[in-house]
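First comes the structure, then the notes that go with it.
Worth knowing before you read on, the calculation uses all heavy atoms, side chains too, and leaves out hydrogens, waters and symmetry mates. Proteins come first, then strands; the chains are lettered A, B, ... in the order of their sequence lines, and each starts at number 1.
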Amino acid sequence: MMNNRQLADTFTLIANLLEIKGEIIYKTLAYRKASESLMGLGRQASDYWKEGKLEDIPGVGKAISEKIDELLKTGKLEFLEKLKKEVPEELAGWLAVPGLGPKKIAMIWKELNITALADLEAAAKNGQLRDLPGMGAKSESAILEGIASLSRRSGRIPLGRAYPLAQEIIATLKKAKGVVDAAPAGSLRRMRSTVGDLDILVAAKESAPVMEAVVNLPGVNRVLGKGETKSSIEFTDGVRAQVWVHPPEKFGTALQYATGSKDHNVQLRQLALDKGLSLSEHSFARVKGGKEIFCATEEEVYKTLGLPWIPPELREDRGEVQAAKQNKLPKLIELKDIKADLQVHSTWSDGKLSMLEMARAAAKQGIKVIAFTDHSVSLGVTQGLSMDDHKKQAAEIKKIQKQLGDEILVLHASEVEIKADGSLDYPDEFLASLDLVLASMHTSLRQPREKVTERMLNAIRNPHVDIIGHPTGRLIPDREPADLDMDAVLQAAAETGVALEINAHPSRLDLDDMYARRAKELGIPISINTDAHSEEDFDMRFYGVAIARRAWLTKSDVINAWSPKKLLDWLKKRGS
DNA sequence: GCCGTTTTCGGCCCGACTGTTTTCAGTCG
């Protein structure tokens with residue numbers, strides 16, 4: 001049975017091939033829209049299918065629902081097979097080359113009769129492209145550069161790498177002449193767990209000095225474009241950045257525009273048109289003449305549309321505009337709301353600092369409850385604790401609690417391994433003796449779907465387990481999530497009341513927003529934890545909270561934001 | 001191909017930048 005990702009990939013391929021074929025653009029857009037919608041669904045399309053409700057999926061109508069039906073039934077699609085005969089599938093890969101679009105691809109393919117990327121590279125090197133219609137020597141070398149950059153660029157950039165890098169760039173640009181303000185935009189500002197490139201917006205009266213500073217940033221390898229309002233650069237490691245410059249009085253519309261998402265902006269522009277206004281990054285223009293409206297802040301942009309300001313994390317066209325219209329935007333959780341960290345490691349297993357040092361570091365950041373979840377015995381690489389070790393650790397916790405007084409409450413917990421056969425690393429009687437049990441998978445993550453799901457369900461159904469740590473086991477950017485049946489996982493979590501973690505470490509951010517939002521809808525408590533192994537790791541809460549905000553979570557949805565008393569009562573009721 | 005508190009047909013955001021052009025097409029976000 002195909003999963004959402006496979007369905008989405010199929011429709012993206014169809015869109016790419018149709019585009020090269022020269023099909024009307026809106027048809028290809030419809031397939032792309034359906035593909036994105038499937039990726040952000042948070043539920044399996046096959047469930048909609050079983051209920052006969054495929055057309056409830058946004059962007060899926062009669063034609064695409066029939067195609068999903070065929071794919072789920074047979075695993076194949078007649079329409080796609082035919083299409084591949086008209087347009088070689090290999091050509092879709094060319095679209096990944098920066099600077100190459102569907103028109104040029106079709107033209108080169110037909111003129112030179114080549115379909116392999118290697119042949120394209122050879123043709124460019126041999127100077128065969130420059131004489132084609134609409135091409136020249138520059139286009140030819142641009143294509144060669146583009147192919148070379150493909151190997152340099154390794155896909156999307158983890159948020160934890162992109163965010164600090166953008167802050168550095170912003171700090172440098174703020175020193176340029178005449179700069180009033182600078183801010184991240186794009187998926188970076190929306191805090192997606194990975195971003196494609198860095199979008200940065202600068203407010204300045206004069207553009208030239210800023211653009212000069214942009215192309216002279218440290219580590220710039222190539223200047224992809226340099227204009228008055230926009231410049232693009234590529235760093236030596238393949239990371240790309242785009243910088244816009246707008247005058248301060250237009251900063252609001254410009255920031256709103258550059259933040260996106262594309263679909264959110266489409267919604268706003270439509271709303272503007274309904275009011276007789278045309279919204280661009282520069283201003284609101286009246287459709288029938290009259291004065292333009294300039295906005296220096298985003299608040300003014302949304303106010304002009306009759307909406308409250310929508311936090312960037314929500315701007316994904318997932319119902320936020322509708323909610324804003326009805327004044328039903330959630331009051332999103334904030335960093336300062338987090339009062340507990342329920343996954344922390346110490347030198348008892350693979351942490352870098354003692355429990356006392358970690359507890360003090362957490363207290364310094366306003367944390368009131370900390371749970372030490374050192375690894376369990378079977379995870380040998382981390383020097384997991386035996387039950388005997390735990391007795392000693394418990395004694396140690398008593399001792400440091402006295403030293404810490406009411407500065408911070410220390411819980412004796414464990415990150416218990418969910419073993420390959422689905423059993424937990426300690427017997428139930430022992431789990432019951434701990435203050436808190438967090439269960440996670442670290443090994444055999446590539447088991448087949450049924451097996452790995454059953455294993456997870458077993459942990460969720462253990463009455464002593466309070467939290468499931470980093471549920472899917474993904475590592476950004478290197479490891480795909482385990483092939484879990486997330487519907488079954490969420491269903492079981494809803495039934496047993498176990499909390500699911502948003503692991504705040506930027507290489508995990510697991511659960512990601514779409515699952516966390518679905519969890520909230522099912523009433524599943526969420527726990528945002530740093531998985532800290534050192535003092536700096538406590539800062540990673542910031543990313544965890546960002547993902548929670550993208551999932552529409554409020555204080556009451558997150559157990560770490562509850563009062564210590566409420567949290568302890570909840571733990572007590574869970575029987576461990 | 002999808003969609004609908006003015007539409008079941010006629011829309012579907014719109015501007016910047018580049019390169020190959022003598023006014024515009026292609027790509028990108």
Side-chain angles (χ1 to χ4, degrees), chain A residues 11 14-15 18-20 22-37 54-68 79 94-108 129-143 145-146 185-188 190 195-201 207 211 223-233 240-246 250 253-254 256-285 287 317 322 325-326:
Chain A
F11 290 124
I14 290 174
L18 286 178
E19 212 173 9
I20 294 167
E23 186 58 84
I24 56 162
I25 186 68
Y26 297 112
K27 193 180 278 195
T28 70
L29 281 174
Y31 281 103
R32 283 193 207 290
K33 174 89 189 165
S35 176
E36 276 173 34
S37 178
L54 278 175
E55 293 193 34
D56 283 2
I57 301 171
V60 173
K62 188 165 177 295
I64 294 183
S65 71
E66 282 171 1
K67 291 187 175 68
I68 295 177
F79 174 82
W94 292 22
L95 282 166
V97 178
L100 260 191
K103 300 282 166 58
K104 281 186 181 167
I105 291 172
M107 190 270 293
I108 296 170
L129 300 182
R130 60 183 65 189
D131 298 326
L132 297 174
M135 306 272 293
K138 279 197 175 172
S139 328
E140 194 175 72
S141 58
I143 287 171
E145 275 284 2
S187 53
L188 184 67
R190 302 200 308 277
V195 304
D197 60 5
L198 311 181
D199 293 314
I200 290 167
L201 196 72
S207 150
M211 293 314 191
V223 177
L224 305 164
K226 186 178 174 218
E228 202 184 325
T229 59
K230 194 177 94 178
S231 290
S232 308
I233 48 176
R240 292 180 170 202
Q242 292 199 90
V243 181
W244 284 271
V245 181
H246 285 274
K250 295 181 178 178
T253 41
Q256 195 291 311
Y257 165 82
T259 299
S261 66
K262 197 170 119 250
D263 291 333
H264 176 85
N265 287 358
V266 168
Q267 292 266 329
L268 293 198
R269 282 164 197 264
Q270 191 52 52
L271 219 54
L273 284 175
D274 294 346
K275 291 178 184 291
L277 296 167
S278 160
L279 171 60
S280 76
E281 60 262 55
H282 301 294
S283 67
F284 286 99
V287 173
D317 188 23
Q322 189 62 22
K325 273 188 201 164
Q326 298 167 341

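Comparing B:dG1, B:dC14, B:dG19 by their closest approach to the side chain of A:Y31 singles out B:dG1. For A:S280, taking side-chain heavy atoms from C-beta onward, the closest of the listed nucleotides B:dC13, B:dC2, B:dG15 is B:dG15. Taking only side-chain atoms of A:I64, from C-beta outward, the nucleotide of B:dC17, B:dT20, B:dC2 with the closest atom is B:dC2. Minimum atom distance to the side chain of A:K138 is reached by B:dG19, of the listed B:dG1, B:dG19, B:dC13.
Distance noted for atom P between B:dA16 and B:dG11: 25 Å (whole Å). Comparing B:dT21 with B:dG26, their P atoms sit 13 Å apart, to the nearest whole Å. B:dT20 and B:dA25 have their C1' atoms separated by 9 Å, given to the nearest Å. Comparing the same atom, C1', in B:dC2 and in B:dT8 gives a spacing of 12 Å after rounding to whole Å. Distance check on atom C1': B:dT18 versus B:dT23 gives 15 Å, rounded to whole Å. Distance noted for atom P between B:dG15 and B:dG10: 25 Å (whole Å). Nucleotides B:dT5 and B:dG1 are separated by 23 Å at their P atoms, to the nearest Å.
Side-chain contact check for A:E19 versus A:I25: some heavy-atom pair is nearer than 4.5 Å. Side-chain contact check for A:H282 versus A:H246: some heavy-atom pair is nearer than 4.5 Å. With a 4.5 Å cut-off on side-chain heavy atoms, A:K104 and A:W94 do not count as touching. Using a 4.5 Å heavy-atom cutoff, the side chains of A:M107 and A:M135 are in contact. A heavy-atom distance below 4.5 Å is found between the side chains of A:D317 and A:K33. Between A:S280 and A:T253 there is no side-chain heavy-atom pair separated by less than 4.5 Å. Contact of the A:I64 side chain with the A:I57 side chain is not registered, since no non-hydrogen atoms from C-beta on lie closer than 4.5 Å.
Computed from coordinates, the A:L129 CG to B:dT20 P distance equals 12 Å when rounded to whole Å. Atom CD of A:Q267 is separated from atom P of B:dC14 by 14 Å (rounded to the nearest Å). Note: CD (A:Q256) to P (B:dC14) measures 14 Å, nearest angstrom. Counting to the nearest Å, the P atom of B:dC13 and the NE2 atom of A:H282 are 18 Å from each other. Here the C1' atom of nucleotide B:dA16 and the CE atom of A:M211 are 10 Å apart, to the nearest Å. We find that CG of A:D263 is positioned 14 Å from C1' of B:dC14, with the value rounded to whole Å. A:R32 has its CZ atom 15 Å from the P atom of B:dC2, to the nearest Å. The distance between atom CD of A:E228 and atom C1' of B:dC17, rounded to the nearest whole Å, is 12 Å.
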Check nucleotides 25-29 of chain B for protein N or O atoms closer than 3.5 Å to its own N or O atoms and list the pairs.
| residue | atom | partner | partner atom | Å |
| --- | --- | --- | --- | --- |
| B:dT27 | OP1 | A:G101 | N | 2.6 |
| B:dT27 | OP1 | A:G101 | O | 2.9 |
| B:dT27 | OP1 | A:K104 | N | 3.1 |
| B:dT27 | OP2 | A:K103 | N | 3.2 |
| B:dC28 | OP1 | A:G99 | N | 2.7 |
| B:dG29 | N2 | A:Y257 | OH | 2.9 |

Close N or O pairs between protein and nucleotides 8-12 of chain B (under 3.5 Å):
none

Considering only nitrogen or oxygen atoms on both sides, find all protein atoms under 3.5 Å from nucleotides 3-5 of chain B and state each distance.
| residue | atom | partner | partner atom | Å |
| --- | --- | --- | --- | --- |
| B:dC3 | OP1 | A:G59 | N | 2.8 |

May I have the step-by-step check of salt bridge (charged side-chain N to carboxylate O under 4.0 Å, His left out) for A:K62 and A:E66, ending in yes or no? CA-CA 6 Å; A:K62 188 165 177 295; A:E66 282 171 1; 3.3 Å; yes
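With hydrogens and angles disregarded, a donor-acceptor distance shorter than 3.5 Å links the side chain of A:S37 to the backbone of A:P58.
The CD1 atom of A:I105 sits 4.5 Å away from the CD1 atom of A:I20 when rounded to the nearest 0.5 Å. Here A:R130 contributes atom CZ and A:E140 contributes atom CD; the two are 4.5 Å apart, rounded to the nearest 0.5 Å. Separating the CZ atom in A:R190 from the CG atom in A:L188 is a distance of 10.0 Å, to the nearest 0.5 Å. Rounding to the nearest 0.5 Å places CG of A:D199 at 9.0 Å from OG of A:S232.
Among the protein residues, A:K67 comes within range of the sugar-phosphate backbone only, with heavy atoms under 4.0 Å from sugar or phosphate atoms but none that close to a base. Using a 4.0 Å heavy-atom criterion, one finds that A:A137 contacts the sugar-phosphate atoms exclusively. A:K33 comes within 4.0 angstrom of nothing in the nucleic acid, heavy atoms only.
The aromatic rings of A:Y257 and A:W244 lie perpendicular to each other, with more than 60° between the two planes, well past the 30° mark.
Mapping A:E140 and A:K62 onto DNA chain B via the closest heavy atom, the residue that lands nearer the 5' end is A:K62. Heavy-atom distances to DNA chain B give each of A:L279 and A:S231 a nearest nucleotide, and the one nearer the 5′ end belongs to A:L279.
Base pairing annotation: B:dT8 forms no Watson-Crick or G-U wobble pair, as no partner gives both donor-acceptor distances under 3.5 Å.
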